[in-house]
Amino acid sequence: ARLFEEALEKQRMEEELNIARDIQRRLLPATYPAIEGFQVKGLNIPSKQVGGDYFDCIRIDDNRIALTIADVSGKGVPASLLMSNLQASLHSQVSADVEITKMTGRLNNFLQAHTSYDKFITYFYAELDVQARTLTYINAGHNPPYLYHIDGSFRLLDKGGLLLGMMADMPYEKETVPLQKGDLVVMFTDGVTEAK
């Protein structure tokens, strides 16, 4: 009888995790904006049913697109809850009127105030200006994305500051890089670098 009860409890937990996985999947973009001259794609394969990896593509206005990727420390349900908190906070702050260093500082302060000292988020946020063909970004402790040029050269996008949620009122630095035809920006989480 005890084994049967444990089996039922495990089945209930599996069902709840499946629901949580479905909810989390809906927080990630299902489609990407059509941008003339640019192509945006993303993929998330969690190692468990739910996790702390996050990416997004948000239209700010007719000329600008926000691109972000983040990774919450830890795995499983706690990481997924913090990831959904980041997603909601980011969507509420992205706008044409908020400068990205200020927005990143606000996100950092919010997360620092609402998480424990051992939880943090690596975070990369960029705004693609379609007309100017530039990418303005902040890297808050995330694996630096690569900017590859068609001639085979590349550089890391590593300007920014400390990861989110560690300490309040941290300064963040932004950088604007020009984009040329054929450039490729590759963003990833440590799920790629730690894969076996």
Side-chain angles (χ1 to χ4, degrees), residues 17 19-33 40 42-44 46-61 63-129 135-145 157-176 185 187-191:
L17 282 172
I19 291 168
R21 181 183 62 209
D22 187 50
I23 291 169
Q24 187 173 42
R25 189 172 31 235
R26 291 172 193 228
L27 296 177
L28 301 175
T31 60
Y32 301 92
V40 178
L43 175 66
N44 180 15
S47 63
K48 298 186 176 186
Q49 285 161 310
V50 291
D53 288 3
Y54 168 63
F55 71 93
D56 216 334
C57 179
I58 308 162
R59 184 173 287 282
I60 301 170
D61 56 33
N63 191 48
R64 290 187 302 155
I65 306 291
L67 304 166
T68 191
I69 188 165
D71 187 5
V72 176
S73 62
K75 303 270 186 232
V77 174
S80 72
L81 289 171
L82 192 50
M83 183 278 264
S84 64
N85 205 354
L86 171 66
Q87 188 264 0
S89 299
L90 179 63
H91 274 258
S92 72
Q93 297 218 19
V94 170
S95 88
D97 302 328
V98 180
E99 206 274 325
I100 71 171
T101 56
K102 184 179 282 191
M103 182 185 69
T104 303
R106 286 179 186 168
L107 284 172
N108 174 61
N109 287 349
F110 174 80
L111 292 165
Q112 192 272 334
H114 293 91
T115 57
S116 59
Y117 71 93
D118 61 336
K119 290 293 176 198
F120 55 86
I121 299 173
T122 66
Y123 170 81
F124 179 87
Y125 175 87
E127 289 184 0
L128 170 65
D129 187 316
L135 191 72
T136 301
Y137 75 89
I138 289 178
N139 188 335
H142 195 74
N143 295 64
L157 303 178
D158 56 1
K159 298 280 186 286
L162 193 66
L163 28 76
L164 301 183
M166 293 295 289
M167 291 187 281
D169 302 321
M170 294 304 301
Y172 290 95
E173 177 186 0
K174 68 179 179 180
E175 182 181 26
T176 299
V185 177
M187 300 186 287
F188 55 95
T189 65
D190 62 7

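All values below were derived from every heavy atom in this structure, side-chain atoms included, with hydrogens, water molecules and symmetry-related copies excluded. None of these values were measured; they are calculated from a predicted model.
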State the [atom1]-[atom2] distance between [X] and [Y], to the nearest 0.5 angstrom.
X	Y	atom1	atom2	value
Lys174	Lys102	NZ	NZ	11.5 Å
Ser89	Ile121	OG	CD1	8.5 Å
Lys119	Leu81	NZ	CG	10.0 Å
Leu163	Ser73	CG	OG	9.0 Å
Ser80	Asn85	OG	CG	11.0 Å
Glu173	Asn139	CD	CG	11.0 Å

Name each donor-acceptor pair under 3.5 Å that joins a side chain in residues 104-111 to protein atoms two or more places apart or in another chain, with its distance.
residue, atom, partner, partner atom, Å
Thr104, OG1, Ile100, O, 2.8
Asn108, OD1, Gly165, N, 2.8
Asn108, ND2, Met167, O, 2.7
Asn109, OD1, Asp169, N, 2.7
Asn109, ND2, Asp169, OD1, 3.1

Given side chains that start at C-beta, do those of [X] and [Y] come closer than 4.5 Å, heavy atoms only?
X	Y	answer
Val40	Pro33	no
Thr115	Phe120	no
Asp71	Asp190	yes
Gln112	Met170	no
Thr136	Asp129	no
His142	Tyr123	no
Pro145	Asp158	no
Leu28	Tyr54	yes

*Report the C-alpha distance between Phe188 and Leu43 in whole Å, list the side-chain angles of each, state the deciding distance to 0.1 Å, and finish with yes or no for side chain to side chain contact (heavy atoms under 4.5 Å, CB included).*
CA-CA 10 Å; Phe188 55 95; Leu43 175 66; over 6 Å; no
Checking [X] side chain against [Y] main chain: does a donor-acceptor pair fall under 3.5 Å?
X	Y	value
His91	Leu86	no
Tyr137	Gly160	no
Thr122	Ala70	no

*Would you check, one step at a time, whether the test side chain to side chain contact (heavy atoms under 4.5 Å, CB included) holds for Leu90 with Met103?*
CA-CA 8 Å; Leu90 179 63; Met103 182 185 69; 4.0 Å; yes
*Carboxylate-amine/guanidinium contact Glu127 Arg64, below 4.0 Å*: yes
*Only one of Asn143, Val72, Asp53 forms a side-chain contact (heavy atoms from CB on, under 4.5 Å) with Thr189, so which one is it?*
Asp53
*Can you name the side-chain contact (heavy atoms from CB on, under 4.5 Å) partners of Pro29, sequence neighbours left out?*
Tyr32, Phe55, Asp56
*Residues forming a side-chain contact (heavy atoms from CB on, under 4.5 Å) with Ala66, sequence neighbours excluded*: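 side-chain contact (heavy atoms from CB on, under 4.5 Å) check on Ala66 returns Ile58, Ile60, Val94, Tyr125.
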*asked:* Show, in sequence, the C-alpha distance, side-chain angles and deciding distance for Ser116 and Asp118, and conclude whether the side-chain hydrogen bond (donor to acceptor under 3.5 Å, both in side chains) test is met.
replied: CA-CA 6 Å; Ser116 59; Asp118 61 336; 2.5 Å; yes
